[in-house]
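Beneath this line is the structure, given in C-alpha cells, with notes to follow.
As the structure is a prediction and not an experimental result, all values here were calculated from the model.
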Amino acid sequence: MTDLELPEGLTLVDSPLPGIKVDTPKASGLVYFHGAHVAEWTPAGERPVLWLSESSVYEDGKAIRGGVPLIFPWFGGGASGGLKPQHGFARLQQWKLKNAKISPTGNVTIQLALGGAEVDPELSGNMPRDYNLEMHVTMGRTLILQLIVTAGDAPIRFEEGLHTYFAVGDIKQASVEGVEGAAYTDRVTDQGGTQDGAVRFTGETDRVYESRQFLARINDPAWGRTIQIEKVGSAQTVIWNPWIDKSKAMADFGDDEWTGMVCVEAVNTREQAIILGRRQRHLMSQTISIQH
Ligand code: BG6
C-alpha cells in the first residue's frame, strides 16, 4: 500500500477502505486514500467536528457520505448540468500517499496526490489528462485542508470544492455567520437572493454564496461550541442541509441524520471556475478550529 514508514500515532488501516488512522495527544482522525477523503477529525477532549453518516457506503465508485469529499473538476453536474459522476471524479479515485509525518509540536501532516493521467478515461469527460492534484491535510488542535491543482503543459479549466460536513448538536438551533450581505443562488428554488443576517435552518437549504469572506462561523448552542472556518482561494461558499424529504431519498444518509449536520463548503464554480496557464498552481484551503 505504501513504502513510507509511519511514525507512532499513525496506523495504516485497510477496512472499510485503505487509509491512515491518526491517534495523537492532540487529535484523532481518519484519512482514506479513496478520494483523499478526510473522514474524521476530533481534537482531544472535543466531540467529533466532522460529521460522518452511519449509512455511508464504502465502495469503489461511490462517494463517502460525510467528512470532506473533494469536488473536482466539476460541481454538481457541471455548468451544462449533465456531467457524471456528480461533483466530478476526484472523490472516487484512489489517491497515492506521498508523505505522512508528525511535527515536533505534534501536528500530523498527510499528503496525497492524483495525476490526471491516472484517472479512468471513462470518468474524465472533456478534462485534459495532464495536471496534478495534491491534498495536504494537517491535523492537530486545528485541521488544515489544502487542495492544490497544478496544470501540465497546457492550460486547464476546472471547478472545485472542499465539501466539508460539520457535526452540530441541533441544526434547528444552529446558525452560520460569514455570508451576510452576499448574493446567492438557491439550488432548491433556482432563485437568486441576498443573505440577510446569519443563515438559520428551517427547511432544505442548498445555496451557493458569492463570497470570498475569509472567516465563517457555525454557532452551535446545543453543543455549546462554535466551529471557525477560515478559507483561502475560494470565491464561493455552499451551505447545505438536506432536511427531511431529501434525507429520506438518499440511500446513504440516515432518515434522521439531517438534524446533526451542516455542510459549509469552499468552492469555485461556474463563472468562478479556475483557469490555469501552463504549469500554474492554484491552492484552495479551509482551516478549521473550535471555540467555546
Ligand atoms: C452540495 C450541493 O454541494 O452537495 C447539493 O449543493 C448536493 O445540491 C450535495 O445535494 C450533496 O451531493 P452528493 O453528490 O454528495 O449527494
Side-chain angles (χ1 to χ4, degrees), residues 1-54 56-60 62-70 90-115 118 132-148 150 162-167 223 225-232 261 266 283-292:
M1 197 185 314
T2 173
D3 298 334
L4 286 175
E5 205 169 299
L6 298 182
E8 196 185 328
L10 301 186
T11 320
L12 283 178
V13 293
D14 59 9
S15 176
L17 291 170
I20 296 184
K21 195 171 171 312
V22 174
D23 193 1
T24 72
K26 286 194 168 176
S28 60
L30 181 58
V31 179
Y32 291 116
F33 304 146
H34 174 88
H37 198 119
V38 180
E40 296 173 18
W41 171 59
T42 307
E46 301 286 350
R47 295 175 192 268
V49 180
L50 302 179
W51 177 88
L52 184 62
S53 173
E54 287 181 11
S56 181
V57 176
Y58 299 91
E59 274 174 26
D60 277 352
K62 297 261 169 72
I64 296 166
R65 178 67 68 191
V68 190
L70 297 181
R91 63 181 181 167
L92 306 178
Q93 298 296 305
Q94 190 73 8
W95 292 51
K96 287 208 172 81
L97 180 64
K98 292 291 180 186
N99 205 353
K101 57 184 189 201
I102 304 188
S103 74
T105 54
N107 291 318
V108 172
T109 306
I110 297 173
Q111 300 183 336
L112 299 120
L114 177 70
E118 295 157 21
N132 196 55
L133 301 182
E134 288 164 67
M135 181 66 181
H136 295 185
V137 180
T138 304
M139 264 189 202
R141 300 290 311 168
T142 297
L143 175 68
I144 307 175
L145 307 164
Q146 297 175 304
L147 178 62
I148 302 152
T150 308
L162 294 163
H163 190 309
T164 312
Y165 286 78
F166 292 97
W223 280 356
R225 71 180 187 183
T226 296
I227 302 174
Q228 177 165 302
I229 311 153
E230 298 165 3
K231 70 168 184 173
V232 168
M261 56 72 66
L283 164 77
M284 181 175 66
S285 72
Q286 282 183 326
T287 298
I288 301 162
S289 55
I290 292 287
Q291 293 171 342
H292 289 280

Inset, instruction - To the nearest 0.5 Å, tell me how far I64 CD1 sits from R91 CZ. - result: 10.0 Å

Inset, instruction - Can you see which heavy atom on A36 is nearest to which on M135, and at what distance? - result: CB-CB, 3.8 Å

Legend entry - Heavy-atom closest pair, residues A90 and W95: O-NE1, 3.0 Å

Inset, instruction - Using the side chain to side chain contact (heavy atoms under 4.5 Å, CB included) rule, take L143 and T287 through it: C-alpha gap first, then chi angles, then the decisive distance, then the call. - result: CA-CA 6 Å; L143 175 68; T287 298; over 6 Å; no

Inset, instruction - For E134, enumerate each residue passing the salt bridge (Lys or Arg N to Asp or Glu O under 4.0 Å) test, keeping only those at least two apart in sequence or located in another chain. - result: R281

Inset, instruction - Kindly compute the distance separating CD (Q146) from CG (L162), expressed to the nearest 0.5 Å. - result: 10.0 Å

Legend entry - For Q228, side chain to side chain donor-acceptor pair (under 3.5 Å) partners two or more places apart: E230, Q291

Legend entry - Which residues share a salt bridge (Lys or Arg N to Asp or Glu O under 4.0 Å) with R65, sequence neighbours left out: D252

Inset, instruction - Check whether any side-chain heavy atom of T164 lies under 4.5 Å from a side-chain heavy atom of V38, and answer yes or no. - result: no

Legend entry - Test item: T142 and I288 side chains (from C-beta on) under 4.5 Å apart, heavy atoms: no

Inset, instruction - Answer yes or no: is there a side-chain heavy-atom contact under 4.5 Å between H34 and Q94? - result: yes

Legend entry - Listed partners of K98 passing salt bridge (Lys or Arg N to Asp or Glu O under 4.0 Å), at least two apart: none

Inset, instruction - For side chain to side chain contact (heavy atoms under 4.5 Å, CB included), just list the numbers for L12 and L6, CA-CA rounded to whole Å, side-chain angles, deciding distance to a tenth of an Å, and then say yes or no. - result: CA-CA 8 Å; L12 283 178; L6 298 182; 3.6 Å; yes

Inset, instruction - Quick one: list whatever passes ring-ring contact (aromatic ring centres under 6.0 Å, His included) with Y32, sequence neighbours left out. - result: Y58

Sequence neighbours left out, cut at 3.5 Å: what donor-acceptor pairs do the side chains of residues 17-27 make with other protein atoms?
residue: T24; atom: OG1; partner: K26; partner atom: N; Å: 3.2
residue: T24; atom: OG1; partner: A27; partner atom: N; Å: 3.2
residue: T24; atom: OG1; partner: A27; partner atom: O; Å: 3.2
residue: K26; atom: NZ; partner: T105; partner atom: O; Å: 2.7

Inset, instruction - In sequence, state the C-alpha distance, the side-chain angles, and the governing distance for H136 and L147, and then conclude on side chain to side chain contact (heavy atoms under 4.5 Å, CB included). - result: CA-CA 7 Å; H136 295 185; L147 178 62; over 6 Å; no

Inset, instruction - Go through the structure and list residues passing side chain to side chain donor-acceptor pair (under 3.5 Å) with S285, not counting sequence neighbours. - result: none

Inset, instruction - For residues L70 and L133, determine if any side-chain heavy atom of one lies less than 4.5 Å from a side-chain heavy atom of the other. - result: no

Inset, instruction - Report the residues that fulfil ring-ring contact (aromatic ring centres under 6.0 Å, His included) with W51, sequence neighbours left out, ordered by chain and then residue number. - result: Y165, F253

Inset, instruction - Might you work through the side chain to side chain contact (heavy atoms under 4.5 Å, CB included) test for I227 and I290, ending with a clear yes or no? - result: CA-CA 5 Å; I227 302 174; I290 292 287; 3.8 Å; yes

Legend entry - Spatial distance of atom CG (N107) from atom CZ (R141) [nearest 0.5 Å]: 10.5 Å

Inset, instruction - Taking H37 for its side chain and A63 for its backbone only, find out whether a donor-acceptor pair lies under 3.5 Å. - result: no

Legend entry - Contacts of K62 that satisfy salt bridge (Lys or Arg N to Asp or Glu O under 4.0 Å) - sequence neighbours left out: E59

Legend entry - Check: L97 and I110 side chains under 4.5 Å, non-hydrogen atoms: yes

Inset, instruction - May I ask you to test the I102-M139 pair for a side-chain heavy-atom distance under 4.5 Å? - result: no

Give every donor-acceptor pair under 3.5 Å between a side-chain atom in residues 39-50 and any protein atom, sequence neighbours left out.
residue: W41; atom: NE1; partner: G140; partner atom: O; Å: 3.0
residue: E46; atom: OE1; partner: H292; partner atom: NE2; Å: 2.8
residue: E46; atom: OE2; partner: H292; partner atom: NE2; Å: 3.0

Legend entry - Non-neighbouring partners of E8 that pass side-chain contact (heavy atoms from CB on, under 4.5 Å), sequence neighbours left out: none

Inset, instruction - Measure the shortest side-chain to side-chain distance between F33 and K96 over non-hydrogen atoms and say whether it is less than 4.5 angstrom. - result: no

